[in-house]
Student: 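Next up is a structure, given as structure tokens.
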Amino acid sequence: MEIKSTEPKEPREKGIHFIHQIIEDDNKTGKFEQRVHTRFPPEPNGYLHIGHAKSICLNFGTAAKYGGLTNLRFDDTNPTTEDTEYVDSIRDDIRWLGFSWDDREYYASDYFEQLYAWAVELIRKGKAYVCDMSAEEMSANRGNPSVPGKESPSRNRSVKESLDLFEGMRKGEFKEGEKTLRAKIDMASPNMHMRDPVMYRIMHAHHHRTGDKWCIYPMYDYAHGQCDSIEKITHSICTLEFEVHRPLYDWFVKELGIYAPQQIEFARLNLSYTVMSKRKLLQLVKENYVNGWDDPRMPTICGLRRRGYTPESLRNFAEIIGVAKRDNVIDVALLEHCVREDLNKRAFRVMAVLNPVKLVIDNYPEDTVEMLDAINNPEDPEMGTRQIPFSKEIYIEKDDFMENPSKKYYRLSPGAEVRLRYAYFVKCTHVVKDSDGEITEIHCTLDPASRGGNSPDGRKVQGTIHWVSATKGEQAEVRLYDRLFVKENPDDAEEGKDFKDYLNADSLKLITAVVEPYLKDADTNMKYQFERIGYFCFDKDSSTEKLVFNRTVTLKDSWTKQATK
RNA sequence: UGACCGAUGGUGUAAUUGGCAACACGUCUGAUUUUGGUUCAGAAGAGUUCUGGUUCGAUUCCAGAUCGGUCAACCA
């Protein structure tokens, strides 16, 4: 007799990505004594976008997975572009996403003194020198990938002289651009970054943290690896474009003989129908194509938040898209799927009519308002029920009535019967039109026995439509957002055009809707589903006189898809 | 052009590290449904850029080619 093995299959996790594989290998060999310590290193010169969210989730998520820590480190080595406004927004965004760096909030500028001392050390070792060349000269002498560069005349000046000049640079004895400190590596290297890269430049600029203490500032390449080293970072995760910088990153650490973190590069996120570069996002804001960094059409974290995205949905998105090294374009439909999935579970259902037409129930008493029970979320009974006022005159969507319906249309039409959600079955008797032939009123009779939405005779109706009492409903401004661009890749512009030529003219539609009275008490922390329409959130522009809702995303709609076929 | 990196359905990511390609999104059917939502059942869609090599066997290893990306700021 065959004995079935009850031995469970090795519960090996399938499909872990290459970065986690590297970490698991390192943990096996003990390369970092089983430590995992990452960092998220934004430059405070702009707002974070969903691409950064991917990186944040990767860094914080990786550390959490392997029992390690993540530092937040502001890469503030260029005082002319950076500002505390950005520091604050970056902190908010990371916290909102759900991650914590505890008290490990660092700044590259915290290490300026140490970086300076190390630079002096490199000069002493003959590995760095003060260069007199201007930016133009330097560029002209750098050569190109196939032509080696020319060495600077300053390259062979004495250690003593470089030391004195570097001190003079720090003391402010030179004008901006007059001198630089350069690493002495190899002007003939096939890697352009190794051709005596600049380590320090002179900038007589006020720094948002160090004030006027310094007039020389380290370059990214000289600062980043050393900051990682000081913080004992194990895996320094960055995007692909820094791959060619890695030899330089390793060079500094090696020449200085200090602790060596490992830089690992992954492919940045690209999303269809949007742009991701800081420069372009800034342009959209500056030139008023959108209303600020947190415009709900922006791919910024604050924009997505205002749009109604939840941290959970973004984290799940980051998880689902994976991490690899090949260039990728993620379909926005996947992002939308992630919010829908999350909002379906948590959104409070309400009824709102966005494009109203009046429906009059002829056999219903004039002055009666009755309260009907409605379920707040069929996915979560714990969210309870509420009452909705019903009256003789109500609003329904224009789309939910058709005078000459097609075969598969099962909403309201002359002679047809539908269910008013949570209310009654109604049958259309006739319509009233104005002189232009526009329908102004739809008349119905209701079946009193169907109160609540079911008929005792067991009769079925195909369609259920939503409605709002004409007398008890509230007006609200509803902002219907759609994708910002009409082109899948706006960066891929035709001759003579640029990404702005592909802006979607209909990315925002403002309408006045009528919503059920419950929403008078709406609040910004709540997520709503306007039944049969989409997910919406309460916008901060709301006031006591005006309710404002943003459409996060529509519901999936297999009807219009079929109807427009 | 030189260095570095990459290439798997429409999109993204996998494939027990050499054992006859899986998952998700999207698309399409159908069922259920007081949301044409959700849920459920199912289908179509790639033979892994190409050419050789190693091997009983290659998406995986090797060589070459092709295509794509990144890099020539005193930006990060």
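So you know, we letter chains A, B, ... as the sequences are listed, proteins then strands, and number each from 1. Only a predicted model underlies this, so the values are computations on that prediction, with no experimental measurement involved.
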Student: Looking at B/rC75, I'd like to know if its phosphate oxygens (OP1 or OP2) sit under 4.0 Å from a side-chain N or O belonging to A/Thr77.
Tutor: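 Negative; the distance criterion is not met.
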Student: Is the distance from OP1 or OP2 of B/rU33 to the nearest side-chain N or O of A/Arg532 less than 4.0 Å?
Tutor: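 Indeed not, no polar side-chain atom of A/Arg532 lies that close.
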Student: Is there a side-chain polar atom (N or O) of A/Arg201 under 4.0 Å from OP1 or OP2 of B/rC75?
Tutor: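 Affirmative; the distance criterion is met.
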Student: Regarding A/Gln529, tell me which of base, sugar-phosphate or nothing describes its non-hydrogen contacts under 4.0 Å with the strands shown.
Tutor: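 Base, at least one base heavy atom under 4.0 Å.
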Student: Would you say A/His337 reaches B/rC25's phosphate, i.e. side-chain N/O to OP1/OP2 under 4.0 Å?
Tutor: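 Yes, within the criterion.
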Student: Please list, one pair per line, the donor and acceptor atoms closer than 3.5 Å that link side chains of residues 333-341 of chain A to other protein atoms, with sequence neighbours excluded.
Tutor:
from, atom 1, to, atom 2, distance (Å)
A/Arg340, NE, A/Thr554, O, 2.8
A/Arg340, NH2, A/Thr554, O, 3.2

Student: Is the count of non-hydrogen atoms from other residues, nucleotides or ligands lying under 6.0 Å from A/Glu178 atom CD greater than 12?
Tutor: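 It does: A/Glu178 CD has more than 12 such atoms within range.
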Student: Between B/rG36 and A/Thr560, is there an OP1 or OP2 to side-chain N/O distance shorter than 4.0 Å?
Tutor: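 Looking at the OP1 and OP2 atoms of B/rG36, neither is under 4.0 Å from any side-chain N or O of A/Thr560.
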Student: Compare side-chain N and O positions of A/Lys325 against OP1 and OP2 of B/rU70 and report whether any pair is under 4.0 Å apart.
Tutor: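 No, no such contact exists.
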Student: Answer yes or no: are there more than 12 heavy-atom neighbours, outside A/Lys280 itself, under 6.0 Å from its atom NZ?
Tutor: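 Yes, enclosed.
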Student: Would you mind classifying the nucleic acid contact of A/Val323 as base, sugar-phosphate or nothing, using non-hydrogen atoms under 4.0 angstrom?
Tutor: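 Sugar-phosphate only.
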Student: Quick check on contacts: within residues 190-198 of chain A, what sits under 4.0 Å from RNA chain B by heavy-atom distance?
Tutor: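 Within residues 190-198 of chain A, the residues near RNA chain B are A/Pro190, A/Met192, A/His193, A/Val198.
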Student: Is the glycosidic torsion of B/rU59 within 90° of 0, making it syn, or is it anti?
Tutor: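 Here the answer is anti: the torsion falls beyond 90° from 0.
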Student: Hey, does A/Ala135 reach any base, or is it just sugar-phosphate, or nothing, if we go heavy atoms under 4.0 Å?
Tutor: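 If one applies the 4.0 Å heavy-atom cut-off, A/Ala135 turns out to touch a base.
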Student: Look at atom NZ of A/Lys427 and say whether more than 12 heavy atoms of other residues, nucleotides or ligands are closer to it than 6.0 Å.
Tutor: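 Atom NZ in A/Lys427 is not crowded, with 12 or fewer foreign heavy atoms closer than 6.0 Å.
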Student: Whether A/Arg246 contacts B/rU70 is assessed here as follows: a side-chain N or O lying under 4.0 Å from the phosphate OP1 or OP2. Is that the case?
Tutor: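 Result: no.
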Student: Which is true for A/Arg421 with a 4.0 Å heavy-atom rule: it touches a base, it touches only sugar-phosphate, or it touches nothing?
Tutor: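 The residue A/Arg421 makes base contact.
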Student: It should be established whether A/Lys460 places a side-chain nitrogen or oxygen under 4.0 Å from OP1 or OP2 of nucleotide B/rU33.
Tutor: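 For B/rU33, OP1/OP2 do not have a side-chain N/O of A/Lys460 under 4.0 Å.
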Student: Check whether any side-chain nitrogen or oxygen of A/Lys408 sits under 4.0 Å from OP1 or OP2 of B/rG36, and answer yes or no.
Tutor: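 No, A/Lys408 has no side-chain N/O under 4.0 Å of OP1/OP2 on B/rG36.
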Student: Think A/Arg349 has a side-chain N or O under 4.0 angstrom from the OP1 or OP2 of B/rU35?
Tutor: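 For B/rU35, OP1/OP2 do not have a side-chain N/O of A/Arg349 under 4.0 Å.
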Student: So, for A/Val244 and A/Asn191, which heavy atoms are closest and what is the spacing to 0.1 Å?
Tutor: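 It is O-ND2, 2.9 Å.
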Student: Around A/Arg157, counting heavy atoms of other residues, nucleotides and ligands shown, do more than 12 lie under 6.0 Å from its CZ?
Tutor: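 Above 12, so yes.
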Student: Tell me what A/Met219 touches on the nucleic acid: a base, only sugar-phosphate, or nothing, going by heavy atoms under 4.0 Å.
Tutor: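 If one applies the 4.0 Å heavy-atom cut-off, A/Met219 turns out to touch the sugar-phosphate alone, with no base involved.
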